[in-house]
S.K.: 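This is the structure I have questions about; it appears just below.
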Amino acid sequence: MSFNEILASIDSFVWGPPLLILLGGTGIYFSFRLGFLQIWALPRALRYIFKKGNTGEGDVSAFAALCTALSATIGTGNIVGVATAIQAGGPGAIFWMWIVAFFGMSTKYAECLLAVKYRTKDKNGFMSGGPMYYIERGLGIKWLAKLFAIFGVLVAFFGIGTFPQINAITHAMNDTFGVSTVITAIVMTVLVAMIILGGVNRIAVVSSLIVPFMALLYVGTSVVILVLNWNLIPDALALIIHSAFNPEAALGGVIGFTVLKAIQSGMARGIFSNESGLGSAPIAAAAAQTEEPVRQGLISMTGTFFDTIIICTMTGLVIVLTGVWNSNIEGAAVTNLAFAQGLGHSVGATIVTIGLLFFAFTTILGWCYYGERCFVYLAGIKGIKFFRTCFILLIAGGAFIKLEIIWSLADIVNGLMAIPNLIALIGLRKVIIEETKDYFARLRVSAKDRDEELAEKGFSSSYN
């Protein structure tokens, strides 16, 4: 067997039925136990993003913490990952991305709640939190916490954090603007080094500026293409849903597409994109200035909504309705071609490339922070410089690795990282449920007191 085939076999094993059941089962469990909080609490969560609430210990604002998390999640998964999922599992993979995102919102809420509850400070005075801390301080299983941290460093080095991002950037710049891969790799490496050496505050500032702007631009462009091709949307949606359950019939007897492959591709790429259950977003959530774990959990939950339900859906619909999903090209070139057909080559391809450039760049920054926090947990603050040096060197080399190897490596380490985190979420389920009940009970009491006070003054109000 070749190295590619060995990686593909490991990838299929890691993302086999046990992990899919654990991942999906955790999201389903918390969805039911929390009364489908991702539906009824979503409006409140969206308000919290822009509303200044209680402040507390932390390194960055709740909004900046969300942007840092989004900077790590909104990346090649939204542009390249969707395309590779469709090519591997057919259009039905998009449906399974929706499913994993819907249930993943409750998982993201649970893990980010725990991150704030069990966080601590390092010797430099910065907040440290995430699965390794709630596994150790909540579950009391230190070896499992270390295992998560090791996998977290591997994901930062060889998974989401480096190779897929820099590879996508360099190839997109070469395909669209003819810029040499070497030149792009050098420029990106220098820029990353300049920012990450400034720590979490500089990463948060850059992410807060770039992420909202690029997300709006990319979504806006996708909406324009969908409006221009509105008559094709019903057929595209029908193809996505039909091929999710009966791919060969939906795709005219095409060999190779199966329901299991659609589920595996959709879930793996969905997790790669929104990272729900992976355990990464809690590391950023732990840095938020807040005293309420539930509040930050709600804010962090919106990250999955924005990432997959909105942005990945836009990419998937454009790829399917333009018909480029079954072409012979791969990676970012698929999305490039879809947008080029939708808006014209120069405009469509340029917007996709610029979007990919900024999304992938901020993902690199976010994952540097994630990996660094995992490394600090393992080696202490003295290891920060060593970690950053290694990370920068890997960025420089990631542009020259084959695409198949990159995605297989990313999937493998992602899956391994998710396992300890999901075990911790299940083990701390009672803490999550009790914290949630207590928070909303206090909200109701506070609202009742406010209403009584207003009523005494002749005004009326209602809890919302």
Side-chain angles (χ1 to χ4, degrees), residues 1-28 72-73 75-77 80-82 84-89 93 96-97 99-101 103-104 107-108 111 130-132 135 143-165 167 256-281 308 367 370-371 374 394 398 401-426:
M1 293 177 69
S2 66
F3 183 62
N4 284 358
E5 290 173 333
I6 292 172
L7 285 179
S9 298
I10 297 173
D11 186 8
S12 296
F13 174 77
V14 171
W15 283 97
L19 180 56
L20 295 180
I21 293 170
L22 180 62
L23 191 63
T26 302
I28 292 171
T73 55
T76 57
V80 183
V82 175
T84 58
I86 294 172
Q87 289 188 309
W96 297 110
M97 290 181 76
I99 296 299
V100 78
F103 289 111
T107 307
K108 181 71 71 73
E111 58 188 357
M132 51 278 195
I135 291 173
W143 67 266
L144 188 63
K146 287 186 176 181
L147 190 64
F148 172 86
I150 291 170
F151 290 147
V153 173
L154 291 177
V155 173
F157 279 167
F158 307 111
I160 300 174
T162 52
F163 294 162
Q165 314 302 332
N167 187 277
F257 291 120
T258 64
V259 174
L260 180 59
K261 190 62 179 175
I263 294 173
Q264 286 180 321
S265 300
M267 292 191 73
R269 293 294 180 265
I271 294 302
F272 180 94
S273 178
N274 62 54
E275 300 177 16
S276 295
L278 196 61
S280 53
T308 306
W367 264 98
Y370 290 164
C374 289
L394 288 167
I401 301 175
K402 290 184 178 180
L403 190 65
E404 306 84 35
I405 295 176
I406 284 173
W407 285 102
S408 293
L409 275 173
D411 281 347
I412 291 168
V413 290
N414 287 354
L416 293 175
M417 183 179 177
I419 294 170
N421 182 53
L422 294 170
I423 292 172
L425 293 181
I426 295 170

S.K.: With rounding to the nearest 0.5 Å, note down the distance linking CG in Leu422 to CD1 in Ile21.
M.R.: 13.0 Å
S.K.: So, for Gly279 and Phe148, which heavy atoms are closest and what is the spacing to 0.1 Å?
M.R.: O-CZ, 3.4 Å
S.K.: Hey, is the main chain of Leu7 close enough, under 3.5 Å, to the side chain of Asp11 for a donor-acceptor pair?
M.R.: no
S.K.: Taking it one step at a time, do Trp367 and Thr162 satisfy side-chain contact (heavy atoms from CB on, under 4.5 Å)?
M.R.: CA-CA 8 Å; Trp367 264 98; Thr162 52; over 6 Å; no
S.K.: Do Leu22 and Ile426 have side chains that get closer than 4.5 Å, going by heavy atoms?
M.R.: yes
S.K.: Checking Ala145 now: which residues fulfil side-chain contact (heavy atoms from CB on, under 4.5 Å) with it, not counting sequence neighbours?
M.R.: Met132, Ile135, Glu136, Tyr377
S.K.: Would you please test Val14 and Asp411 for side-chain contact (heavy atoms from CB on, under 4.5 Å) and show each step?
M.R.: CA-CA 8 Å; Val14 171; Asp411 281 347; over 6 Å; no
S.K.: Between Phe158 and Leu394, what is the shortest heavy-atom contact and its length?
M.R.: CE2-CD2, 4.1 Å
S.K.: Test: side-chain hydrogen bond (donor to acceptor under 3.5 Å, both in side chains). Region: residues 145-159. Which pairs qualify, not counting sequence neighbours?
M.R.: none
S.K.: Starting at CD1 of Ile419, measure out to CD1 of Ile423 and round the result to the nearest 0.5 Å.
M.R.: 7.0 Å
S.K.: Applying side-chain contact (heavy atoms from CB on, under 4.5 Å) to Leu154 and Ile412, what does each step give before you reach the verdict?
M.R.: CA-CA 10 Å; Leu154 291 177; Ile412 291 168; over 6 Å; no
S.K.: Just verifying a value: how many Å separate Ile99 CD1 and Thr308 OG1, rounded to the nearest 0.5 Å?
M.R.: 12.0 Å
S.K.: Between Val100 and Trp96, does the side-chain contact (heavy atoms from CB on, under 4.5 Å) criterion hold? Intermediate values first, please.
M.R.: CA-CA 6 Å; Val100 78; Trp96 297 110; over 6 Å; no
S.K.: Looking at every non-hydrogen atom in both residues, tell me the closest pair between Val413 and Val155 and how far apart they are.
M.R.: O-CG2, 3.3 Å
S.K.: Please give me the minimum heavy-atom distance between Ala281 and Tyr370, naming the atom from each residue.
M.R.: CA-OH, 3.6 Å
S.K.: For Glu111 versus Leu278, what's the shortest heavy-atom pair and its separation?
M.R.: OE1-N, 4.1 Å
S.K.: Which atom pair, heavy atoms only, marks the closest approach of Met97 to Ala85?
M.R.: SD-CB, 4.4 Å
